[in-house]
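Shown next, in structure tokens, is the structure this report addresses.
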Amino acid sequence: MSVRVRFAPSPTGSPHVGNIRTALFNHLFAKHHGGVHILRIEDTDRTRLVPGCEEEIIESLHYVGVEWQEGLGKGGPHGPYRQSERKEAGIYQPIIDQLVESGAGYYAFDTSEELTEMREFQRINKKPTGYFGGSWRDADAASVEKARADGLPGVLRLRIPKNETIVIQDGIRGRVEIDSNTIDDPVLIKNDGMPTYHFAAMVDDHLMEITHVFRGEEWISSAPKHVTLFNALGWAAPEFVHVPAIKGKDGKKLSKRHGDTACLDFRRAGYLQESISNFIALIGWAPGGDREIMTMDEMAEAFSMRGIQPSAGVFDVDKLNWMNGSYIRAMEPKALFQMVRDYSGCDENQDYWAEKDAPTAEAMKAFTAAAASDPVLAEKAIELEQERVGTLPEFGAACALFFEDEPEYDEKMLNKWKGKEHIPGMLGDFIASVEAMETVNEESLEQMIRDWAAANDYEKIGPIVHPTRLAMTGRKVGPGLWQLMAALGKETIIKRLTRGQEMLT
RNA sequence: GCUCCGGUGGAGUAGCGGUUCAACUCGUCACUCUUUCACAGUGAAGAUCGCGGGUUCAAAUCCCGUCCGGAGUACCA
């Protein structure tokens with residue numbers, strides 16, 4: 001049988017990395033087996049619905065490179081793919097009838113007050129909380145009829161068998177056994193007629209012929225309910241694959257407190273698609289072997305359930321930064337330039353940084369302007385900074401030295417070199433040499449500086465290079481001096497060196 | 001409280017009865033390269049595999065207990 005998997009988010013907010021990682025696993029698994037990946041929307045809870053959320057889901061999926069062949073936006077033979085629409089289409093009704101008829105499901109008419117009271121009682125008596133029968137599981141037909149006739153708002157519950165061992169087959173953990181007496185009777189259909197997850201997700205998985213269900217570890221506790229449902233309906237259950245949670249560095253479940261968690265925030269923060277998907281896939285999954293930097297195709301090739309770790313993984317931003325940097329370094333300078341330009345010029349990204357770190361936002365704007373007025377220099381700047389940058393927004397500040405009219409001098413460096421005797425003359429000599437040069441390039445510049453060093457008996461080149469860099473950029477670190485000067489060009493060299501003479505005297 | 005799932009150097013993972021089983025990546029530190037930072041390269045420190053019992057000729061690997069962590073315990077998903 002060919003593999004069919006699904007990603008089925010609820011439109012209750014922008015998807016976070018945990019959701020997206022599940023989507024990624026689905027995609028990788030489907031691709032590995034040449035199967036089909038379906039996108040379905042589980043919007044049965046109308047009270048929690050967030051408008052515009054579906055777009056964010058799709059955008060997030062695109063960002064990390066997850067593809068699907070059937071479902072939302074694609075159509076397919078098992079539509080509609082929104083559960084609210086499926087309910088409207090009457091898809092669930094025959095199954096509800098079947099459940100009631102067979103006695104596998106039963107109606108319960110407890111009020112919410114009665115239910116909280118029941119739980120309160122259970123709690124006080126140190127009993128497991130839940131609906132283990134209540135007053136309706138074994139109610140006689142007459143009273144159920146009466147309640148229905150009276151128009152009482154009732155729910156449909158699933159009858160979990162007593163004194164049985166429920167076995168669930170988990171793709172990662174293997175066989176898990178649960179005493180059925182510890183499982184309460186879940187609500188299948190709410191009193192507003194909408195199905196719950198327990199009902200709709202299982203029914204849809206069956207109808208859509210899903211073979212493997214990748215879902216968060218938090219579902220493992222309710223898996224027995226799900227296999228009971230499948231059994232009651234006489235259906236074969238798909239294989240459940242409960243993927244481990246993602247924790248923050250403090251070991252707590254990843255949440256807003258840990259910084260960015262929404263998938264799209266990482267795009268705004270300047271992480272490349274390749275590194276985000278590579279990194280996220282590696283939380284809780286190991287491809288085997290020593291490889292870590294992998295393309296989507298390579299990951300799909302290597303993907304298997306066996307490589308998924310049963311324990312929760314930690315989202316380590318340091319490692320993400322490293323990985324992102326290594327993807328940046330692997331890029332063609334031209335493509336990188338285009339990417340940085342698009343990134344820096346995007347309002348959404350600028351707004352993101354304006355709120356988080358204003359100087360970064362400013363630097364992005366400055367770079368955008370500079371790239372527009374002098375794209376050749378800007379591209380050169382990107383190329384020279386490529387080696388030392390971890391994320392896209394960092395290019396703004398890193399490249400600023402190429403465009404500033406009068407760079408601000410690093411105070412420490414200024415104190416260190418200001419007043420040193422050789423500097424004004426040296427800078428003067430450089431100015432004269434550059435003015436006399438026909439072609440100003442890396443070689444001629446390096447030659448000039450080395451010649452000067454030799455002529456003035458300097459063995460080490462540091463006392464020459466450092467103050468010159470300071471004059472050229474105002475900074476103590478940066479790209480190689482001659483590459484830098486060559487990129488800046490004759491006119492700027494002379495201007496900055498002249499200013500350097502004043503500043504350093 | 002009850003149920004379930006986990007626990008390998010600071011972080012992510014490999015190994016899942018015995019042949020480097022204690023390895024790989026990030027991080028840290030040192031050195032090399034070099035005009036600086038970074039990159040790259042080399043090397044170092046760091047885990048007796050949560051703890052205690054068993055099973056076995058042999059356990060990180062199997063079993064039991066215990067501790068710690070996480071998840072669930074909704075007419076939310």
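Only this structure's heavy atoms are used, side chains among them; waters, hydrogens and symmetry mates stay out. Here is the naming used below: chain letters follow the sequence lines, and residue numbers restart at 1 for every chain.
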Exercise for the section: Report which part of the nucleic acid A/Gln309 touches: base, sugar-phosphate, or nothing (heavy-atom distance under 4.0 Å, all strands). Expected result: sugar-phosphate

Exercise for the section: Output yes when a side-chain donor or acceptor of A/Asp185 lies under 3.5 Å from a complementary backbone atom of A/Arg159, and no otherwise. Expected result: no

Exercise for the section: Would you classify A/Asp110 as touching base, sugar-phosphate or nothing, given that sugar-phosphate means primed atoms plus P, OP1 and OP2, and contacts are heavy atoms under 4.0 Å? Expected result: base

Exercise for the section: Would you mind classifying the nucleic acid contact of A/Val176 as base, sugar-phosphate or nothing, using non-hydrogen atoms under 4.0 angstrom? Expected result: sugar-phosphate

Exercise for the section: Just call it for A/Gly174: base, sugar-phosphate, or nothing, with non-hydrogen atoms closer than 4.0 Å on any strand. Expected result: nothing

Problem - Rounded distance in Å between the P positions of B/rC24 and B/rG65 - result: 37 Å

Exercise for the section: Ignoring backbone atoms, establish whether A/Arg48 has a side-chain N or O less than 4.0 Å from OP1 or OP2 of B/rA77. Expected result: no

Polar-atom pairs under 3.5 Å, protein N or O versus N or O of nucleotides 20-23 of chain B: list them with distances, or write none.
none

Handout entry: A/Arg173 side chain near B/rC16 phosphate (N/O to OP1/OP2, under 4.0 Å)
Key = no

Handout entry: Residue pair A/Thr391 / A/Asn324, side-chain donor-acceptor N/O under 3.5 Å
Key = no

Fill in the blank from the handout: Of B/rG70, B/rU35, B/rU13, the nucleotide closest to the side chain of A/Gln483 is B/rU35

Exercise for the section: Classify the nucleic acid contact of A/Lys126 as base, sugar-phosphate or nothing, counting any heavy atom under 4.0 Å across all strands shown. Expected result: sugar-phosphate

Handout entry: Value in whole Å for how far the P atom of B/rU34 lies from CD of A/Glu446
Key = 12 Å

Practice task
Tell me whether the OP1 or OP2 atom of B/rC76 has a side-chain N or O from A/Lys190 closer than 4.0 Å.
Solution key: yes

Handout entry: Phosphate OP1/OP2 of B/rU36 contacted by A/Lys460 side-chain N/O (<4.0 Å)
Key = no

Practice task
May I ask you to say what A/Lys127 touches in the nucleic acid, namely base, sugar-phosphate or nothing, with a heavy-atom cut-off under 4.0 Å?
Solution key: base

Problem - Phosphate-side-chain proximity, A/Arg119 and B/rA74, N/O vs OP1/OP2 below 4.0 Å - result: yes

Handout entry: Between P of B/rC76 and CD of A/Glu218, the distance in whole Å
Key = 17 Å

Practice task
Report the secondary structure of RNA chain B in dot-bracket form, marking unpaired bases with a dot and bases paired to a different strand with |, and treating Watson-Crick or G-U pairs with both distances under 3.5 Å as paired.
Solution key: ((((((((.[[[[.)..(....]]]].(((((.......))))).....[[[[[..)....]]]]])))))))....

Fill in the blank from the handout: In A/Glu385, A/Glu411, A/Glu404, the residue satisfying salt bridge (charged side-chain N to carboxylate O under 4.0 Å, His left out) with A/Arg475 is A/Glu404

Handout entry: Residues in contact with RNA chain B, drawn from residues 474-482 of chain A - heavy-atom cutoff 4.0 Å
Key = A/Lys476, A/Val477, A/Gly478, A/Pro479, A/Gly480, A/Leu481, A/Trp482

Exercise for the section: Under 4.0 Å between any heavy atoms, over every strand shown, what does A/Val187 touch: base, sugar-phosphate, or nothing? Just pick one. Expected result: sugar-phosphate

Practice task
Return yes if a side-chain donor-acceptor contact under 3.5 Å exists between A/Asp204 and A/Tyr92, otherwise no.
Solution key: yes

Practice task
Answer with yes or no whether the side chains of A/Ser14 and A/Glu56 bring together a donor and an acceptor at under 3.5 Å.
Solution key: yes

Practice task
Identify whether any heavy atom of A/Asp45 sits under 4.0 Å from a base atom; if not, whether one sits that close to sugar-phosphate; answer base, sugar-phosphate or nothing.
Solution key: sugar-phosphate

Practice task
Could you check whether A/Thr129 gets within reach of a base, just the sugar-phosphate, or nothing at all, counting any heavy atom under 4.0 Å?
Solution key: base

Problem - A/Asn441 versus A/Ser444, side-chain donor and acceptor atoms under 3.5 Å - result: yes

Exercise for the section: Taking atom P in both B/rU35 and B/rU20, compute the distance separating them and give it to the nearest angstrom. Expected result: 45 Å

Practice task
Have a look at A/Leu282 and say if it touches a base, only the backbone sugar-phosphate, or nothing, with a 4.0 Å heavy-atom cut-off.
Solution key: sugar-phosphate

Practice task
Using whole Å, report how far CD1 of A/Ile382 lies from P of B/rA38.
Solution key: 20 Å

Exercise for the section: Could you check whether A/Gly325 gets within reach of a base, just the sugar-phosphate, or nothing at all, counting any heavy atom under 4.0 Å? Expected result: nothing

Exercise for the section: For A/Arg450, report the nucleic acid contact type (base, sugar-phosphate, nothing); a contact means any heavy atom under 4.0 Å. Expected result: sugar-phosphate

Fill in the blank from the handout: In whole angstroms, the gap separating P of B/rA38 from CZ of A/Arg388 amounts to 9 Å

Exercise for the section: For A/Ala245, answer base if it contacts any base atom (sugar-phosphate contacts may also be present), sugar-phosphate if it contacts only those atoms, and nothing otherwise; contact means non-hydrogen atoms under 4.0 Å. Expected result: nothing

Practice task
Determine the contact category for A/Thr44: base if any of its heavy atoms lies under 4.0 Å from a base atom, sugar-phosphate if only primed atoms, P, OP1 or OP2 are that close, otherwise nothing.
Solution key: sugar-phosphate

